[in-house]
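What you are looking at is a predicted structure, and each value in this text was computed from that prediction instead of being measured. Heavy atoms only: backbone and side chains are in, while hydrogens, waters and symmetry mates are out. Along the sequence shown, the residues carry numbers beginning at 1.
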Amino acid sequence: MTELVLIGAGHVHTALLGHARTLAEAGIQVTLVDIGSFWFGARRGDLMAGRADASTLRWPLKTLCRRHAVAHRTDRVVGVDTRLRRVWLASGARLDYDLVSFNVGVEVDATGLNAAASRVRLWRASSVQELTQFCSELRASRDGSRVAVVGDSPDAARLAAALSHACESGRHRVAWYLPGDRFAPWAPSGAARRLARTLSHRGVEIVLATPIVGLADGQLVGEDDRRFGVDHLLLAERYRPARVVHAARLPVGDHGMYVTRRLQSPADSRVFAAGACAQWPDGQSLARHDVAGQAKVLAHNTVAVVRRRPLRSVGPRAPASVIDLGDGRALGWHGSLWWHNRWAARAERRRIRRLVATLAID
């Protein structure tokens, strides 16, 4: 039997479980190593709007693995020896592998943001589990809360859009702090202007050219030493590859482990990586690329390595970016093209339903 060890229960690895029969027929024994549960991250907008909760977004890995006859180890990987093809676990145990794959997402570097001492609740936007706790606290707040979204990324825009209705109702105050002096440079200018108008009309305060460098006594501290009162901080920046990605001592960039379009490390063809912890040599992260497509390529290529057959590649183009505005419409763009309509919102809901079906979690 060929031993395939999956490090992390990210979306791609969870989708790969649906290919477990194909892998088994090729003589591949799969072991998934992760300490927690699988959290579905494509419905953050529904979570913030109260249309989803922890019970609908959290799925026990043991149940998923048992459904697909995949071995599951509730443990944390602390080291990978690519020479001996061995994975070391926090419990002291070890797993020998023939193939290994990383899908561990990203971490948030909160250095300098001492939330406990500053009486500010800090929440990492990359963690669905933390966002569920944030939403619970926000709904339980009777006096209203001051919420700050920090970061200049589509993730930050989605959080601001999801919170904008709470701001519009007057219950909470929401401010979005961006480090640059240009609003949403990652979107076409027309789409950026539409997003800014929508958020401003709903009462979201947009603060440009304000890098946040610290927290002090219930306040955000800007780079120019300006202070802003806040109760909750949603951090949607300072993303970095999860530390375990460095465990294999293979080439790693700013966004993750370097891989080819076959999802293999260019330094070791027995090591794969996918999702937000992987990047191509040109610097493009795989976080936005199709989950189902990556899972199919990963399943095919692990079998191809075993059977010495040709490998497949992930398509070079990422899908369109979409921000659900919560009013039945969505803002979408691809390259220089953008649109704002109800069709985009319906298309995004269909995409999420297909992803749920791919993950086999409903």
Side-chain angles (χ1 to χ4, degrees), residues 4-24 29-77 89-91 101-108 123-137 139 155 158-159 162 242 244 272-278 286-296 298-299 302 324 348-362:
L4 168 61
V5 175
L6 304 179
I7 300 175
H11 285 67
V12 177
H13 278 176
T14 307
L16 184 67
L17 298 181
H19 300 272
R21 178 175 297 179
T22 300
L23 298 176
Q29 173 65 46
V30 182
T31 301
L32 174 64
V33 182
D34 194 280
I35 60 172
S37 299
F38 170 72
W39 288 87
F40 185 52
R43 296 185 62 192
R44 284 183 173 87
D46 288 342
L47 173 64
M48 308 292 278
R51 296 189 297 268
D53 56 23
S55 65
T56 59
L57 301 180
R58 176 180 177 272
W59 291 84
L61 285 176
K62 287 185 178 180
T63 302
L64 291 174
C65 290
R66 190 183 306 117
R67 181 181 303 172
H68 298 287
V70 168
H72 174 239
R73 293 290 296 264
T74 305
D75 213 326
R76 181 168 56 87
V77 173
L89 305 179
S91 64
S101 179
F102 291 80
N103 185 208
V104 292
V106 296
E107 294 178 350
V108 173
W123 311 92
R124 297 170 297 171
S126 60
S127 170
V128 181
Q129 182 177 4
E130 289 191 17
L131 289 181
T132 60
Q133 296 170 350
F134 161 73
C135 291
S136 296
E137 290 202 14
R139 294 188 189 104
D155 275 349
R158 292 184 182 98
L159 291 174
V244 70
F272 294 83
C277 73
L286 271 71
R288 287 186 52 244
H289 281 259
D290 178 44
V291 168
Q294 291 185 68
K296 287 180 181 178
L298 185 57
T302 50
D324 189 344
E348 179 66 3
R349 288 194 291 271
R350 287 196 297 270
R351 185 192 69 82
I352 292 174
R353 286 196 296 269
R354 288 196 299 269
L355 180 55
V356 170
T358 298
L359 297 173
I361 60 174
D362 63 350

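- Smallest separation of non-hydrogen atoms from Ala299 and Leu23: O-CD2, 3.8 Å.
- Shortest non-hydrogen contact noted between Val104 and Cys277 is N-SG, 3.6 Å.
- Heavy-atom minimum distance, Ala295 versus Ala15: CB-CB, 3.7 Å.
- A distance of 11.0 Å separates NE2 in His68 from OG1 in Thr63, rounded to the nearest 0.5 Å.
- Listed here is the closest heavy atom pair of Pro60 and Ser37: CA-OG, 4.0 Å.
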Stepwise side-chain contact (heavy atoms from CB on, under 4.5 Å) test for Val77 and Leu89: CA-CA 4 Å; Val77 173; Leu89 305 179; 3.9 Å; yes
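- Within 6.0 Å of the CZ atom in Arg139, the count of heavy atoms belonging to other residues, nucleotides or ligands exceeds 12.
- Sorted by first then second residue, the salt bridge (Lys or Arg N to Asp or Glu O under 4.0 Å) pairs that include residues 123-135, not counting sequence neighbours, are Arg124-Glu130.
- Not counting sequence neighbours, the partners of Ala42 by the side-chain contact (heavy atoms from CB on, under 4.5 Å) test are Phe40, Arg351, Ile352, Leu355.
- The shortest non-hydrogen separation linking Leu47 to Cys135 is O-SG, 3.8 Å.
- Taking 4.5 Å as the limit, some side-chain heavy atom of Lys62 sits within range of a side-chain heavy atom of Thr74.
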Worked verdict on Leu6 versus Asn103 for side-chain contact (heavy atoms from CB on, under 4.5 Å): CA-CA 8 Å; Leu6 304 179; Asn103 185 208; over 6 Å; no
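- Leu61 CG to Trp39 CH2: the interatomic distance, rounded to the nearest 0.5 Å, is 11.5 Å.
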Criterion side-chain contact (heavy atoms from CB on, under 4.5 Å) on Val128 and Arg58, from CA distance to verdict: CA-CA 9 Å; Val128 181; Arg58 176 180 177 272; over 6 Å; no
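- Here the side chain of Gln294 pairs a donor or acceptor atom with the backbone of Gly275 at under 3.5 angstrom.
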ring-ring contact (aromatic ring centres under 6.0 Å, His included) assessment of Phe102 paired with His13: CA-CA 8 Å; Phe102 291 80; His13 278 176; 8.6 Å; no
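- Taking each heavy atom of Gln29 and Ala71 in turn, the nearest pair found is NE2-CB, 4.2 Å.
- Scanning for ring-ring contact (aromatic ring centres under 6.0 Å, His included) contacts around His19 gives an empty result, with sequence neighbours left out.
- Between Leu57 and Asp46 the shortest side-chain heavy-atom distance does not fall below 4.5 Å.
- Taken from CE in Met48 to CZ in Arg43, the straight-line distance is 14.0 Å, to the nearest 0.5 Å.
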Working for side-chain contact (heavy atoms from CB on, under 4.5 Å), residues Leu16 and Leu32: CA-CA 11 Å; Leu16 184 67; Leu32 174 64; over 6 Å; no
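- The CH2 atom of Trp59 sits 6.5 Å away from atom CZ of Arg67, with the distance rounded to the nearest 0.5 Å.
- Rounding to the nearest 0.5 angstrom, the gap separating the OG1 atom in Thr31 from the NE2 atom in His72 is 10.5 Å.
- Rounded to the nearest 0.5 angstrom, Arg354 CZ and Asp290 CG are separated by 8.5 Å.
- Looking at Arg44, its side chain does come within 3.5 Å of a backbone N or O of Ala125 through a donor-acceptor pair.
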